[in-house]
Structure formats: C-alpha cells, structure tokens
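Order of the sequence lines sets the chain letters (A, B, ...), proteins ahead of strands, with each chain counted from 1.
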Number of protein chains: 2
Amino acid sequence: MTRPLYLQVRDALIERIAAGAWKPGASIPNELDLSREYGVSAGTMRKALEIMESEHVVVRKQGRGTYVIDQATDELRGRYTAVRHANGARVAGHVEIVDVMEGAAHEQECERLRLELSDTVYRIRSVARVAGSPYMVEQISMPARLFPDLLKTNGFPRDISAIAQAHGKLLGKPEERISVGQASPEVAELLLVAPMAPLIVLDRVSISLDGNFVEWRVAQCHLTANCYLA
Amino acid sequence: MTRPLYLQVRDALIERIAAGAWKPGASIPNELDLSREYGVSAGTMRKALEIMESEHVVVRKQGRGTYVIDQATDELRGRYTAVRHANGARVAGHVEIVDVMEGAAHEQECERLRLELSDTVYRIRSVARVAGSPYMVEQISMPARLFPDLLKTNGFPRDISAIAQAHGKLLGKPEERISVGQASPEVAELLLVAPMAPLIVLDRVSISLDGNFVEWRVAQCHLTANCYLA
DNA sequence: AAGTGGTCTAGACCACTCA
DNA sequence: GAGTGGTCTAGACCACTTG
C-alpha cells in the first residue's frame, strides 16, 4: 500500500519545482547530490528523474545536466493548441477575450472538473482570429480556488500554460475529445458563419501533475481546408 | 554508435514474437531465464521488457508472468479505430469492401509510405455502416512487398491489426492527423450525403515496430452529434 | 580533465498470484 | 510455498559536453 520510493521522490521534486525552487530553464542538482539529499540510491533518483522527463517537467542532457522545462514556452504549448497548418506549424492566431465571469459551478463543470455545486469557477470566453478573420471560439472554466486573484493579474489574456505556471501548477497530459457540432446563434455571430454551420468541437480537461483538475475547455473551430488537428 | 544492449535485446525479442515463436496471448519465459538465454543481466532484460510493454507488445503481471499481446484483439484495435460513442465505446460499424486494386504507387503514396515510384501498392476502398447507414469511407494503401498474397487470403475484409499480425508485423504508434474536407461526388454517393457536405478526414500512417511503413489510410467520416474521436 | 547523464551489472528483498 | 514481476541498492564503466 505504500507508494514506491521513486514516486515519493518524484512528488517531492515536482512540488519543489512548482513552488519555484528551481526556475524554468534552470538546471537542477545532479543525480548523486539529489540522491544523497533525499537519502535514496542513485538508481532510485534516476528512476524518479526519468519519470519526470516523460512528464515533460525536466529534460536531461547527457554531459550537461538536468533542466526544468518552461511549460509556457512555445514547443510545450503545442500540446495545448491542437490546430496546425498543413506544414505542422501551430496556427498563430490572435486571441481576444470576449468576457470573463465568476460564478457558481454548474452541473457539467462539476462533473468535468470534479467540483461541488458550492464551488466557484472562472469562465472565460474568447475568439481566435488569424489575419482578422475568426476561426475559433473558446469557452474555458477554471476552479477559482486554484487561481486566486486570477482576474487581477495583468498580462491577461494568457493561455493555460502560462496561467498554471504562474500559480504553481505543472500541467500533465490533458484528456481530449474531438467531435462535430453546429454553430449556435451566438457562436455563429462570433465566427461570422451561418447558424447551424458544422464546426469541429475540441473538448479538453487539463489535470496538473499533483492531481488537480485545472481547466475545462470547449473550443469550436471553423477550420479551413488547410488546417488540421494533431 | 553501438545500439544499447537493452535495445538489441528488445529487437531480438520483437523479431521472435513477430515470427510467431510465442503466440498472441501466450506467456513468455521469466526475466531470469531470458536474461540467461541472451547472456545479459536481469536488469538489462527487465529494461527491454519494460520498453516492450510501453510499445504494447507484451503485458507484465506481477505474480503471474509476461504475456504477448494480441494486437488483433478489441482493446488494441481501439488505437486504430478512433471513432467512439459518447460513452467511450468504439463504434462497431460493419465494414464493407468496395474494391481492391493493385498498382504502381503514385506520388503521394511514395511520400507517405517512403516508397519508390517503381513500387507496387494494394489499394482498398471500403464503407463502414452502422445500422445500415454509412458513416465513413476509407481509402487504404499498403506496400505490396510487405504483404505477399494479400489478395488471396480468405477472411477478407480484416483490419490492419489482423493483416499485420498475419504477416509478422507488429504495429507501433501511428501518426495521425485530423482535418476537415468536403465530400467529392463519389464519396457523397457512398455516404448518401450532398456533394460538398463537410466531412472529418482522418489521415493515418502506420509504422511497424521494426521500422516498416505499413499502411496509409484516409478515412472520411460523416459524424453524427453523438460520436467523437479520441 | 572534470563533471554530467547513460548503460550495465549483481544481488537482496517485497508484493502478488496460484496451486 | 513456489514462482513471478516490482522495488531498491551499490558500484563500475562509457559517452558526451564544457572549460
């Protein structure tokens, strides 16, 4: 029933990184020093670090060292912005916040984010445009408890990678579903398409590496023939 | 420059499984016996087996043993049939072959399957129906060299998992892209939709674990609101 | 040359499954 | 209780990077 040592070490290191003990991009101590510090063998420390590498928390480079990954950096954000051009590059749209609200979690949010009806969420609606023409509307819900003072932060709008990092949360692998839907009247107006026009729906729940449900996003895309998801 | 021992061992074991030395579902010898047979340490053999588990070639069960995974089995095929119901279950459509052709690879096939223009491919077109109504057309290209006598095999139609297994190829993680397209006149007729109707396009290249490009598939789906991709 | 992660070994003990 | 995979340790040596 006891959690394996290498996972306990992983948890401790992740907590330390999330708390900012080592900044994104900085190197962390070598295996031997860390294993002595935590009182485990080098092999156990290695296993913990290998897991963290597979979780995109650190990168290890032979002959150089182990470095904290900057989750707000472009390459990583690729995991969180699935719309691509045919050449594989991310679609670099301009995101504009439509409105931000704070309110009691409704039933669907409770289910997806494992909340109680008494919990509070932030809701952010935004539109992404490329060369001025809108191609995606986004509806995001985030538990308010995890993001104190979110609305007061300047630098808004920012994507979930940056927000999570600023609040000491490291993102894990999101759960994602793709489906098709039709434009509601409001969405149609934002996207400049006809009501009932077919849209691709991206539904994503992001979970932090310490097990918190961090974000639920539903994006509705009006994709042109030259874009794809991957 | 030398390939690490544990990868050499992995390669040898994968070749042995692909060749049918151990049948799908059967157990393989324990770590200690295997490590003695290959003249490596138990730790090295363990690492090879762990990699093979991550590649879905074997499953390891504490206290029981290590078992060859049947790639043609339902759970695994899930990786290769992305269309799901809202509850997560695979859409169990009935697939009907429209036509099968053999011919010289055209340019796009060469690019995707790393072939030369002189190579031969099989092309299979099929339609999937659920409760009689068509929802997906599929166009598959496979290098003829890798699948001798494909057309003579009975039991056709079968999906790529079963075909690959029968020809001693173990499938790795496919590359997949999702995009949107419009129904061509032919596709529209097969799917019973209007020409130019919006469709979801799944483009997938499957690579075997020994590095062969095994299949290129383009599926065009007419998804209803209750289905999604994942 | 010094320092880092990567590979490889050998062996002890634990946790689980099944007869 | 015998057999399996899972965890943990200790230490040697290799390959790569940097000053």
Side-chain angles (χ1 to χ4, degrees), chain A residues 1-17 21-70 75-76 209, chain B residues 1-17 21-70 75-76 209:
Chain A
M1 204 54 234
T2 67
R3 193 163 168 77
L5 236 195
Y6 61 87
L7 289 181
Q8 295 180 38
V9 171
R10 180 214 87 124
D11 294 348
L13 289 173
I14 283 195
E15 198 176 336
R16 233 166 125 178
I17 291 174
W22 296 298
K23 298 295 172 205
S27 71
I28 72 177
N30 67 44
E31 283 179 3
L32 217 52
D33 287 348
L34 281 175
S35 63
R36 273 193 288 257
E37 179 180 344
Y38 282 89
V40 301
S41 76
T44 298
M45 182 54 70
R46 164 171 292 273
K47 189 152 183 174
L49 291 169
E50 279 170 348
I51 290 174
M52 290 167 69
E53 181 163 40
S54 78
E55 293 176 319
H56 302 277
V57 180
V58 298
V59 254
R60 318 190 64 197
K61 294 178 186 169
Q62 180 171 172
R64 305 208 19 218
T66 302
Y67 298 83
V68 178
I69 290 183
D70 187 345
E75 306 88 74
L76 252 305
L209 287 178
Chain B
M1 203 55 231
T2 64
R3 194 162 169 75
L5 237 195
Y6 61 87
L7 289 180
Q8 295 179 39
V9 171
R10 180 214 86 124
D11 294 348
L13 289 174
I14 284 196
E15 197 176 337
R16 232 165 127 178
I17 291 173
W22 296 298
K23 298 297 172 205
S27 71
I28 72 177
N30 68 44
E31 283 178 5
L32 216 55
D33 288 347
L34 281 175
S35 62
R36 275 194 286 257
E37 179 181 344
Y38 283 89
V40 301
S41 76
T44 298
M45 182 54 70
R46 164 172 293 272
K47 189 152 182 174
L49 291 169
E50 278 170 349
I51 290 173
M52 292 166 68
E53 181 162 39
S54 77
E55 294 176 320
H56 299 104
V57 180
V58 298
V59 255
R60 308 174 42 111
K61 295 179 185 171
Q62 180 171 172
R64 304 205 23 215
T66 301
Y67 298 84
V68 178
I69 289 183
D70 187 345
E75 306 89 72
L76 252 305
L209 287 179

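Whole-Å rounding puts the L49(A) CG to dT4(C) P distance at 13 Å. The CZ-P distance, from R3(B) to dT7(C), rounds to 11 Å in whole Å. Note: CD (E31(A)) to C1' (dG3(C)) measures 12 Å, nearest angstrom. Residue E53(B) contributes atom CD, which lies 11 Å from atom C1' of dG6(D) at whole-angstrom precision. Remark: P of dC8(D) and OH of Y38(A) are 16 Å apart, rounded to the nearest angstrom. Atom-to-atom, NZ of K47(B) to P of dG6(C) comes out at 8 Å; the value is rounded to the nearest Å. Between L32(A) atom CG and dA2(C) atom P the separation is 17 Å, expressed in whole Å. In this structure, CD of Q8(B) is placed 12 Å from C1' of dT7(C), rounded to the nearest angstrom.
The minimum heavy-atom distance linking S27(B) with W22(B) is given by the pair O-CD1, 4.4 Å.
Across I69(A), I17(A), D70(A), a single residue satisfies side chain to side chain contact (heavy atoms under 4.5 Å, CB included) together with P24(A), and that is D70(A). Of the options I51(B), L209(B), V9(B), a side chain to side chain contact (heavy atoms under 4.5 Å, CB included) to I14(B) is made by L209(B) and by none of the others. Between V40(B) and the choices M45(B), R46(B), K47(B), the side chain to side chain contact (heavy atoms under 4.5 Å, CB included) rule is met once, by M45(B).
Under 4.0 angstrom from either OP1 or OP2 of dT7(C) there lies at least one side-chain N or O belonging to Y6(B). Phosphate proximity of dC16(D) to K61(A): absent, as no side-chain N or O sits under 4.0 Å from OP1 or OP2. Residue R60(B) has no polar side-chain atom (N or O) positioned under 4.0 Å from OP1 or OP2 of dT4(D).
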Write out a two-atom table: protein N or O, nucleotide N or O from nucleotides 17-19 of chain C, distance below 3.5 Å.
| from | atom 1 | to | atom 2 | distance (Å) |
| --- | --- | --- | --- | --- |
| dC18(C) | OP1 | R64(B) | NE | 3.2 |

Please tabulate the protein-to-nucleotide N/O contacts below 3.5 Å involving nucleotides 9-12 of chain C, giving atom names and distances.
| from | atom 1 | to | atom 2 | distance (Å) |
| --- | --- | --- | --- | --- |
| dT9(C) | OP2 | S41(B) | N | 2.9 |
| dT9(C) | OP2 | S41(B) | OG | 2.9 |
| dT9(C) | OP2 | T44(B) | OG1 | 2.4 |

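Atom-to-atom distance recorded for S41(B):OG and L32(B):CG is 10.5 Å, nearest 0.5 angstrom. Between the CG atom in D11(B) and the CZ atom in R3(B) there is a gap of 4.5 Å [rounded to 0.5 Å]. The distance from the CD atom of E31(B) to the CZ atom of R36(B) is 11.5 Å, given to the nearest 0.5 Å. To the nearest 0.5 angstrom, Y38(A) atom OH is 4.5 Å from L13(A) atom CG. Note that CE of M52(A) and OG1 of T66(A) are 9.0 Å apart. Values are rounded to the nearest 0.5 Å. To the nearest 0.5 Å, the span separating CG on L34(A) from OG1 on T44(A) amounts to 12.5 Å.
Dense packing is recorded around CD of E53(A), with more than 12 heavy atoms of other residues, nucleotides or ligands lying under 6.0 Å away.
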* Under 3.5 Å for both distances, Watson-Crick or G-U wobble, that's the pair rule; now give the dot-bracket for DNA chain D, with | marking pairs to another strand and [ ] for crossing ones. => ||||||||||||||||||.
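You'll find that the side chain of R46(A) is closest to dG6(C), out of dG6(C), dT4(D), dT7(D).
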